[in-house]
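Numbering starts at 1 and runs along the sequence shown.
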Amino acid sequence: MIRFAALDFETADYGSDSACALGLTFVENTTVRDTVYRLIRPPRNRMMFTHIHGIRWADVAEEAGFEAVWSALSPRLEGLDFIAAHNASFDKRILEGCCAAFGLPMPEIPFVCTVNLSRALWNVRPTKLPDVCRHLCIPLNHHHAASDAEACARIVTSALEDGWSITEEVR
C-alpha cells in the first residue's frame with residue numbers, strides 16, 4: 001500500500017515563515033481519503049499576495065498560527081511514504097521556514113515534485129499547475145490551497161495509474 005499526502009501553502013509575503021493557508025490531501029494507493037484546509041495567521045499583517053489567492057488580513061487575523069495548525073496536523077504524516085507538492089521546492093521551503101520559526105521539527109519524509117513528475121512521465125510543458133490539470137482533466141480552483149493540494153494528489157494518482165513507481169527519481 002502506498003500512502004502519501006499532497007501539500008500546498010499560500011503565503012502572505014516573501015518570508016518563508018509567512019504561510020497563510022494550508023491544504024493537505026491524504027491518499028491511500030490511488031484513493032483520496034481526506035482533504036484538510038486551514039487558514040493560518042501569519043507572523044506579520046503584511047498581505048502582499050491577496051491579488052493571487054484572495055486571502056486578506058481580515059480573513060486570517062483571528063486564525064491560529066502555524067505552530068497550532070501544524071501541531072494538530074503533523075501527526076497525520078506519520079508512516080507516509082512521501083509528501084507531494086507542485087513545485088515542491090517552494091512548499092518545502094515554506095514548511096522548513098515555518099517549522100524553524102516555531103521550533104518545530106521538520107518531517108523527515110521525502111518530497112516528490114509533481115512538476116518534475118509531469119515533465120518526466122507525460123512531457124507536459126509548460127508545467128504550471130493549471131497546465132498539468134488541463135492535460136489530465138483534473139478540476140482546479142487555482143491558488144486555493146485545498147484545491148491545489150487535491151489536484152497535486154490527483155496528479156500523483158494519475159502517475160501511479162500510468163505505471164509510475166515511487167522508486168523512480170523525479171524529485
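- Across every non-hydrogen atom of Phe66 and Cys99, the tightest pair is CE2-N, 3.9 Å.
- Looking at Cys133 and Arg154, their side chains never come closer than 4.5 Å, going by heavy atoms from C-beta outward.
- The nearest pair of heavy atoms linking Pro43 to Asp17 is CD-O, 3.3 Å.
- Side-chain atoms of His143 never come within 3.5 Å of backbone atoms of Ile52 as a donor-acceptor pair (strictly under, hydrogens ignored).
- No hydrogens or angles considered: a donor-acceptor pair under 3.5 Å links the side chains of Thr35 and Glu150.
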Self-check item: Worked verdict on Phe90 versus Val115 for side chain to side chain contact (heavy atoms under 4.5 Å, CB included)
Solution: CA-CA 11 Å; Phe90 171 80; Val115 168; over 6 Å; no
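- Using a 4.5 Å heavy-atom cutoff, the side chains of Trp122 and Asp162 are in contact.
- No donor-acceptor contact under 3.5 angstrom links the side chains of Asn116 and Thr114, judged on distance only.
- Side chain of Arg41 to main chain of Val60: no donor-acceptor pair is present (N/O by atom type, distance under 3.5 Å, no hydrogens or angles).
- The aromatic ring centres of Phe49 and Tyr14 sit less than 6.0 Å apart.
- Using a cutoff of 4.0 Å between basic side-chain nitrogens and carboxylate oxygens, Asp131 and Arg125 are not scored as salt-bridged.
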Quiz prompt | Check against side chain to side chain contact (heavy atoms under 4.5 Å, CB included), Leu77 and Ile109 | solution = CA-CA 8 Å; Leu77 301 177; Ile109 303 170; 3.7 Å; yes
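- Of the possible donor and acceptor atoms, one in the side chain of Thr50 sits under 3.5 Å from a partner among the backbone N and O of Ile55.
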Practice problem: Test side chain to side chain contact (heavy atoms under 4.5 Å, CB included) on Glu67 and Leu104 and set out the steps. | Solution: CA-CA 8 Å; Glu67 181 178 23; Leu104 300 172; 4.3 Å; yes
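- Closest approach of Leu24 to Ala5, counting heavy atoms only: CD2-CB, 4.1 Å.
- Between Met106 and Lys92, some side-chain heavy-atom pair lies under the 4.5 Å cut-off.
- The main-chain N or O of Phe9 is found under 3.5 Å from a side-chain atom of Asp91 such that the two form a donor-acceptor pair.
- For the atom pair Leu73 CG and Arg38 CZ, the distance stands at 5.5 Å (nearest 0.5 Å).
- Other residues, nucleotides and ligands contribute at most 12 non-hydrogen atoms within 6.0 Å of the CD atom of Glu62.
- For the pair Leu160 and Trp164, the tightest heavy-atom approach, listed with the atom from each and the gap, is CD2-O, 3.5 Å.
- Using a 4.5 Å cut-off on side-chain heavy atoms (C-beta onward), Glu28 and Ile2 make no contact.
- For Ala145 against Gly23, the heavy-atom pair with the smallest separation is CB-N, 3.4 Å.
- Judged purely by distance below 3.5 Å, without hydrogens or angles, the side chains of Arg119 and Thr127 pair a donor atom with an acceptor atom.
- Residues Arg3 and Asp81 are not paired through a salt bridge, judged by the lack of any N-O separation under 4.0 Å between the basic side chain and the carboxylate.
- Side chain of His142 to main chain of Leu129: no donor-acceptor pair is present (N/O by atom type, distance under 3.5 Å, no hydrogens or angles).
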Quiz item: Given the rule in the side chain to side chain contact (heavy atoms under 4.5 Å, CB included) test, do Ser147 and Tyr37 qualify, once you have shown the distances and angles that lead to the verdict?
Solution: CA-CA 9 Å; Ser147 181; Tyr37 176 71; over 6 Å; no
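- Across all their heavy atoms, Glu10 and Asp8 have their closest contact at OE2-OD2, 3.1 Å.
- Note: the hydrophobic cluster containing Leu39 does not contain Trp70 (ILVMFWY, side chain heavy atoms under 4.5 Å, direct or indirect links).
- In this structure, Phe4 and Ile166 have side chains that are not in contact, with every pair of non-hydrogen atoms separated by 4.5 Å or more.
- The main-chain N or O of Gly15 is found under 3.5 Å from a side-chain atom of Ser18 such that the two form a donor-acceptor pair.
- Contact check for Met47 versus Pro42: side-chain heavy atoms found under the 4.5 Å cut-off.
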